[in-house]
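Heads up: numbering here begins at 1 and tracks the sequence. For clarity, every value in this text was computed on a predicted model and none was experimentally measured.
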Amino acid sequence: MSAASIATPPQNGANGKLSAHEKKWIVYDVGNSAFVLLSTAVIPIYAKSLMPADGNIVSAWGYAQTIASLVIALLMPVLGSIADVQGMKIKFFLGFFGTGVVMCCAMALPLTWLPFLIVYVLATIGLNGSLTFYDSMLIDTTTNERMDKVSSHGYGWGYVGSTVPFIVCIALIFGGPALFGWSTVACTRASFVITAVWWVAFTIPLITSYRQVHYRATRDHAREAIRGTFRELGSTFGKIVKNKPLWMFMVAFFFYIDAVNTVISMSTSYGTQLGIDSTQLVVALLVTQFVAFPCAILYGRLAGRFGCKPMITVAVAAYMGIVFFATFFLKSALEFWILAILVGMFQGGIQALSRSYYGKIIPKEHANEYYGFYDIFGKTASILGTFLVATTTSLTGNASLGVLSIAILLVVALVFLFLQKDPTKA
């Protein structure tokens with residue numbers, strides 16, 4: 001297939017003001033992040049309340065997350081290849097976004113625990129599927145020199161924006177029974193609908209303004225795209241293997257994003273294991289969101305000055321320090337708050353710059369296909385770290401050593417980052 005593209009709309013300089021198109025792309029992070037935050041703090045607790053007394057929410061929740069991650073990891077390269085055809089990206093985005101929103105509302109139905117988890121898995125697949133296409137829209141929204149800034153603003157505003165519906169939902173869950181006479185269960189179900197409405201409201205600007213700039217042209221879009229999908233996938237994988245700077249970064253990304261995801265997903269359970277009050281844990285989670293907002297944006301500016309890859313490397317080294325702190329110094333609520341602040345300082349930056357750096361070093365006309373492989377590395381990476389922590393903890397009987405095992409992933413990532421030649425500096 002031949003490659004085709006149209007000129008990117010004129011942009012301001014690397015540090016100039018955000019354009020209207022950039023702002024409309026950014027606000028989708030504000031919309032979808034509300035569901036992400038609710039999934040972290042509220043949905044697991046609600047799912048546990050639906051289970052029988054002897055039910056194990058940890059294993060059930062782990063299986064649900066694993067299934068959702070594997071489905072996306074398997075689907076995205078194939079669908080991404082098709083979506084690289086002109087006009088297809090927005091269609092796939094709408095399909096996954098719509099699925100996520102509808103399933104988010106469906107969680108408010110009076111379901112038993114297993115149907116609820118199934119609906120949650122479908123909602124998560126909708127969310128993560130939409131994010132793959134959303135990430136690839138970055139290359140159509142801005143220029144290479146502005147990607148760090150725009151991506152960082154997306155994560156930054158997503159973090160702080162998600163706290164608005166979350167605070168409303170938490171206030172409703174705790175205060176609704178007294179104010180409105182609703183049960184706690186009814187208030188929790190209402191929070192799912194509130195989150196879905198927020199998600200839709202902040203998606204409308206993107207879907208009404210987005211135009212696909214980089215694409216593969218075919219005479220018969222759907223039929224030609226589907227027929228050539230697996231051929232294109234094989235070709236893309238071969239190109240990745242031959243592109244040493246690209247595959248070395250993807251390997252580094254696999255290990256360090258696994259460590260980042262593991263720190264995020266295991267911090268609350270680790271804090272609970274140490275006996276820290278659940279209210280302190282939830283408030284600390286909110287603190288992380290607020291700290292991540294300015295730090296993610298600052299990280300984008302620093303990347304413009306010092307380079308994207310050096311700032312990613314700094315963040316990986318910082319996470320090494322975070323792991324050591326959690327292992328040797330985390331004993332009380334005060335240290336957990338410090339941990340939350342440290343995570344917030346680097347979490348948004350490393351996620352944002354990884355997205356923009358990858359967008360700079362891949363062929364633009366095959367962006368969805370390449371982001372499909374990026375998604376495989378990101379989603380499957382969510383499994384290795386938690387398994388490593390759980391196994392180490394089980395073998396040693398020491399949760400602190402389990403947390404320390406995350407450092408192995410970061411060391412491997414640093415090795416590949418140091419060995420990789422940065423193609424953006426060529």
| message | Within the 4.5 Å heavy-atom criterion, are L409 and Y256 side-chain neighbours or not? | response | no
| said: Can a donor-acceptor pair be found, under 3.5 Å and without considering hydrogens, that links the side chain of S151 to the backbone of M147? | reply: no
| query | With ring centroids as reference points, do Y28 and F93 lie under 6.0 angstrom apart? | reply | yes
| task | Verify, without hydrogens or angle tests, whether Q289 (side chain) and L286 (backbone) share a donor-acceptor contact under 3.5 angstrom. | result | no
| Are side-chain heavy atoms of L131 and F96 found at a separation under 4.5 Å? | no
| task | To the nearest 0.5 angstrom, please state how far the CD1 atom of I297 sits from the CZ atom of F293. | result | 4.0 Å
| request: To the nearest 0.5 angstrom, please state how far the CD1 atom of I322 sits from the CG atom of L342. | output: 5.5 Å
| Taking atom types as modelled, is there a side-chain donor on T288 or Q347 under 3.5 Å from an acceptor on the other? | no
| message | Let's go through I125 and T99 carefully: what are the C-alpha distance in whole Å and the side-chain angles of both, what is the deciding distance for side-chain contact (heavy atoms from CB on, under 4.5 Å) to 0.1 Å, and is it a yes or a no? | response | CA-CA 8 Å; I125 291 171; T99 299; over 6 Å; no
| task | Write down the atom of A34, the atom of S162, and the distance for their closest heavy-atom approach. | result | N-CB, 3.7 Å
| Heavy-atom pair with the smallest gap, counting every atom of T124 and A68 | CG2-CB, 3.8 Å
| Could you go step by step and tell me if M320 and L414 meet the side-chain contact (heavy atoms from CB on, under 4.5 Å) rule? | CA-CA 10 Å; M320 186 79 76; L414 283 172; 4.0 Å; yes
| remark: Between the SG atom in C187 and the CZ atom in F192, the distance rounded to the nearest 0.5 Å is 11.5 Å
| query | Between SG of C308 and CD1 of I312, what distance do you get to the nearest 0.5 Å? | reply | 4.0 Å
| field | For the student: nearest non-hydrogen atoms of A413 and A252, plus distance | value | CB-O, 3.5 Å
| remark: What one should report as the nearest heavy-atom pair of I26 and G154 is CG2-CA, 3.8 Å
| query | With a 4.5 Å limit on heavy-atom distance, are the side chains of L404 and F324 in contact? | reply | yes
| task | Assert yes or no for the condition that the ring centre distance of Y46 to F116 is strictly below 6.0 Å. | result | yes
| Closest approach of S191 to L172 (non-hydrogen atoms, all atoms of both residues) | N-CD2, 4.5 Å
| task | Verify, without hydrogens or angle tests, whether S33 (side chain) and V36 (backbone) share a donor-acceptor contact under 3.5 angstrom. | result | no
| message | Among F202, Y134, F133, Y210, exactly one meets ring pair (Phe, Tyr, Trp, His ring centres under 6.0 Å) together with W25. Which residue is that? | response | Y134
| task | Check step by step if side-chain contact (heavy atoms from CB on, under 4.5 Å) holds for I90 and M137. | result | CA-CA 9 Å; I90 190 66; M137 288 177 180; 3.9 Å; yes
| query | Is the shortest heavy-atom distance from the side chain of Y358 to the side chain of M250 under 4.5 Å? | reply | yes
| query | Rounded to the nearest 0.5 Å, how far apart are CD1 of I361 and CG of D422? | reply | 8.0 Å
| remark: Closest non-hydrogen atoms of V291 and I341, given as atom of the first, atom of the second and distance, are CG1-O, 3.6 Å
| Test salt bridge (charged side-chain N to carboxylate O under 4.0 Å, His left out) applied to D140 and K89, step by step | CA-CA 11 Å; D140 299 315; K89 188 184 296 187; 2.7 Å; yes
| Side chain proximity check, Y299 to F346, heavy atoms < 4.5 angstrom | yes
| query | Would you say the side chain of R301 lies within less than 4.5 Å of the side chain of D148, judging by non-hydrogen atoms? | reply | no
| task | Calculate, to the nearest 0.5 Å, the distance between atoms OG1 and CE belonging to T195 and M107 respectively. | result | 7.5 Å
| Do Y159 and Q351 have side-chain N/O donor and acceptor atoms under 3.5 Å apart? | yes
| request: Show your reasoning for whether side-chain contact (heavy atoms from CB on, under 4.5 Å) applies to L353 and S356. | output: CA-CA 5 Å; L353 295 189; S356 59; 4.1 Å; yes
| task | Taking K309 for its side chain and Q420 for its backbone only, find out whether a donor-acceptor pair lies under 3.5 Å. | result | yes
| query | Taking the side chain from Y319 and the backbone from V260, do they hold a donor-acceptor pair closer than 3.5 Å? | reply | no
| task | Name all pairs fulfilling the salt bridge (Lys or Arg N to Asp or Glu O under 4.0 Å) condition that reach into residues 25-36, sequence neighbours left out, sorted by first residue then second. | result | D29-R355
| message | Run E22 and T142 through side-chain hydrogen bond (donor to acceptor under 3.5 Å, both in side chains) and show every step you take. | response | CA-CA 7 Å; E22 291 169 341; T142 191; 2.7 Å; yes
| message | In the structure I gave you, are the side-chain heavy atoms of N243 and P245 within less than 4.5 Å of one another anywhere? | response | yes
| Side chains of F166 and V42: closer than 4.5 Å at any heavy-atom pair? | yes
| T132 side-chain N/O to N128 backbone N/O, donor-acceptor pair under 3.5 Å | yes
| query | Per the ring pair (Phe, Tyr, Trp, His ring centres under 6.0 Å) rule, which among F255, Y357, F418 passes with F249? | reply | Y357
